[in-house]
Protein chains: 2
Amino acid sequence: MKRHQVTIIDIAQKLNISKSTVSRALTGHPSVRSDTRQAVMELAQQMDYQRNMLAINLSSSQSKTIGIIVPEFVTSFFPIVIMGAQEIAAQVGYSVLISQSNETYETEVANAKVMLANRVDGVLISMTRETKNFEHFDVFKRKGIPLVFFNRVCHDIETPKVVVDDYEGAFKATEHLILLGKERIAHLAGPPSLYISRKRLEGYKDALRKHKRPILDDLIISYDLTLEKVKIYVKYLLDLPTPPDALFAVNDPTAIEAIKVIKEQGLSIPEQIAVVGFSNDYGSALIEPGLTTMAQPTREIGQVAAQLLLDQIHTDSSVWKPITRVLKTELIIRGSSQRN
Amino acid sequence: MKRHQVTIIDIAQKLNISKSTVSRALTGHPSVRSDTRQAVMELAQQMDYQRNMLAINLSSSQSKTIGIIVPEFVTSFFPIVIMGAQEIAAQVGYSVLISQSNETYETEVANAKVMLANRVDGVLISMTRETKNFEHFDVFKRKGIPLVFFNRVCHDIETPKVVVDDYEGAFKATEHLILLGKERIAHLAGPPSLYISRKRLEGYKDALRKHKRPILDDLIISYDLTLEKVKIYVKYLLDLPTPPDALFAVNDPTAIEAIKVIKEQGLSIPEQIAVVGFSNDYGSALIEPGLTTMAQPTREIGQVAAQLLLDQIHTDSSVWKPITRVLKTELIIRGSSQRN
DNA sequence: CTGTTAGCGCGTTCAT
DNA sequence: ATGAACGCGCTAACAG
């Protein structure tokens with residue numbers, strides 16, 4: 001079977017009029033006799049005519065597509081962000097080209113090239129945990145393609161960003177544990193390469209300082225977010241001469257993994273050790289005990305990021321400033337930190 | 001700032017040679033002097049040249065893009081399928097255009113149009129639960145655009161499909177409960193409009209028949225997969241004069257919701273009522289007790305579907321047959337059906 | 001080996 | 001109100 005899509009020419013011929021007229025009728029141009037328009041519309045409908053965006057995009061040299069590069073798809077966080085972004089994009093007729101970097105720098109670079117090749121009008125990015133070189137982002141800037149970072153942002157590129165208040169969130173989470181009477185609060189932190197890891201670590205430390213607690217380096221472990229390693233670190237913490245009585249994890253997957261390990265070890269949560277995560281992922285309400293966590297407005301992150309990107313796309317970029325939108329987090333208390 | 005991407009012409013001018021030569025060098029055509037090629041490649045690199053897929057796609061009248069239409073993004077199932085599909089597509093240089101129908105027929109139709117307009121080379125589809133009219137799928141067939149259904153397939157369209165053995169899976173799940181000594185096994189089924197609902201229901205019934213158990217209509221509830229309603233149905237079941245002692249749910253989100261309700265009601269799982277789901281979603285290992293479920297090879301579904309689609313795209317479709325690939329499920333036993 | 005030309009489908013001038 | 005002609009960037013077919 002031949003693949004053949006109906007074109008304007010096809011319908012022009014059938015109606016024995018010029019392609020330009022058909023084009024005008026289809027695009028709702030006023031200067032077309034209404035009966036002509038009528039005829040065109042009907043035939044188009046009947047022949048299943050669909051505008052060829054490939055052609056339109058080429059001649060308008062814009063793709064009406066925004067790219068999204070995320071590290072992964074496994075946790076519920078990124079899919080939900082994407083949903084939010086897609087909603088906004090769809091409202092103004094934009095498509096979305098999604099790609100995952102699989103937490104690998106090389107893949108991220110490759111994905112960026114695909115975006116470039118496909119002439120996306122703008123890109124939403126959340127970086128890999130191992131991205132330390134930003135040349136592939138710079139290319140977008142040089143070519144005048146708007147960029148918006150979210151979640152895992154890059155501060156070496158001057159561009160809008162959408163984040164949650166990681167510092168404040170971590171501060172509150174830690175303070176919550178302190179107010180619960182916990183004395184030795186450990187922190188399973190993310191890699192320092194990620195800004196969010198550093199901010200959350202800072203918040204954790206400042207909460208301890210505010211309440212005049214010592215900051216114990218033994219209790220702070222920075223790891224690369226490879227979940228398999230959580231077991232090792234949690235065991236290490238539990239085997240300490242004086243083990244922690246609380247754990248603040250950099251994100252929910254980490255916290256959930258930690259809870260599993262702690263339960264395996266036969267310790268009681270939250271009595272012997274309380275746990276707090278960050279994100280309010282899908283799993284945090286499911287695990288037993290429920291995970292106390294800092295909720296992020298996930299969908300909203302996607303919406304705001306997409307809106308910021310569209311603003312940039314439509315505005316004369318010379319007038320525009322690299323704002324950072326900081327969204328609020330909210331403490332969700334569940335059984336992992338407090339018996340009800 | 002002006003948006004301007006480097007073109008072949010730009011580099012042709014700088015090198016003072018013809019565009020065709022540049023094009024040939026870039027595409028690895030053999031008939032180019034190696035020093036010429038060298039020069040072109042270097043300059044291209046240096047100028048951050050990226051092939052304009054928009055142009056290539058237009059002139060080759062194919063987009064090197066496959067579309068994926070899924071009902072939602074919330075459960076982990078579809079994102080993982082998409083990951084699988086993306087892997088395969090990426091290997092052969094295909095991009096992926098993703099859209100969610102939000103379980104709404106109208107959105108699905110609209111998405112199909114977007115796919116058409118973007119001239120995707122093929123489409124992967126899992127239908128909405130409310131899709132009963134298939135005209136929008138037929139359009140693809142008429143235009144010669146290959147289609148592959150997965151998971152929620154449509155049997156009125158002659159096209160390849162990728163499914164798991166829902167019948168067998170449901171049969172095994174039910175039999176598992178029977179062998180556990182459960183006498184009154186309820187089934188929270190999906191809407192009859194979905195083939196998978198019907199198949200799972202069939203498997204459930206046949207397992208009962210095989211073991212000479214009565215099929216009690218009271219214990220079979222078909223619902224529209226709106227999770228909020230699970231509570232109502234489960235309560236109804238529990239309030240029956242002789243309530244069920246086991247529940248087989250059509251999918252994991254339903255089962256997980258059911259477990260929550262059952263726990264709220266103060267009943268013990270699995271002693272008073274055992275629960276089995278279908279899918280082995282992310283949450284099923286997290287909830288307490290762990291959910292016994294039929295695991296689907298989720299990622300593989302995406303891979304196989306994408307491969308089937310690519311085969312169709314690359315093959316002369318006249319020679320090709322609408323195979324249905326049936327993948328195997330596997331029973332994962334956890335605490336919701338059996339104490340260890 | 002390299003340059004020239006045509007055409008992919010559409011929107012958009014510029015004429016009429 | 002309509003038609004003709006051009007260009008978007010690139011590849012392929014056709015000369016040299």
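Side-chain atoms are counted along with the backbone in the values below, which use heavy atoms only and exclude waters and symmetry mates. Labels below follow one simple rule: chain letters A, B, ... track the order of the sequence lines, proteins then strands, and each chain is numbered from 1. On a predicted model such as this, the values are computed, not experimentally measured, just so you know.
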Round to the nearest Å and state the distance from [X] atom [atom1] to [N] atom [atom2].
X     : N      : atom1 : atom2 : value
A:Q5  : C:dG9  : CD    : P     : 10 Å
B:K64 : D:dG9  : NZ    : P     : 22 Å
A:H29 : D:dG3  : NE2   : P     : 14 Å
A:R24 : C:dT12 : CZ    : C1'   : 9 Å
A:N16 : D:dA1  : CG    : C1'   : 16 Å
B:Q38 : C:dC1  : CD    : C1'   : 17 Å

Please state whether the phosphate of [N], meaning OP1 or OP2, lies under 4.0 angstrom from any side-chain nitrogen or oxygen of [X].
X     : N      : answer
A:R51 : C:dG11 : yes
B:S60 : D:dT11 : no
A:S61 : D:dC8  : no
A:Y49 : C:dC10 : yes
A:S59 : D:dG7  : no
A:T27 : C:dG11 : no

Give [X] one of three labels, base, sugar-phosphate or nothing, depending on what nucleic acid heavy atoms sit under 4.0 Å from its own.
X     : answer
B:S31 : base
A:L58 : base
B:L54 : nothing

Salt bridge flag under 4.0 Å for residues A:R129 and A:E108: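 Judged by the 4.0 Å cut-off on N to carboxylate O distance, A:R129 and A:E108 do not form a salt bridge.
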
State, without any angle test, whether B:E87 and B:Q91 hold a side-chain donor-acceptor pair at a distance under 3.5 Å. no

Picking from D:dT11, C:dC1, C:dG3, which would you name as closest to the side chain of B:I56?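 Within the option list, the nearest is D:dT11.
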
When you get a sec, tell me which of D:dG3, D:dC10, D:dT2 is the closest nucleotide to the side chain of B:A55?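 Of all the options, the side chain of B:A55 is nearest to D:dC10.
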
What distance do B:I145 atom CD1 and A:Q5 atom CD have between them, rounded to the nearest 0.5 Å? 4.5 Å

Checking only heavy atoms, does the side chain of B:S20 share a donor-acceptor pair with the base of C:dT4 at less than 3.5 Å? yes

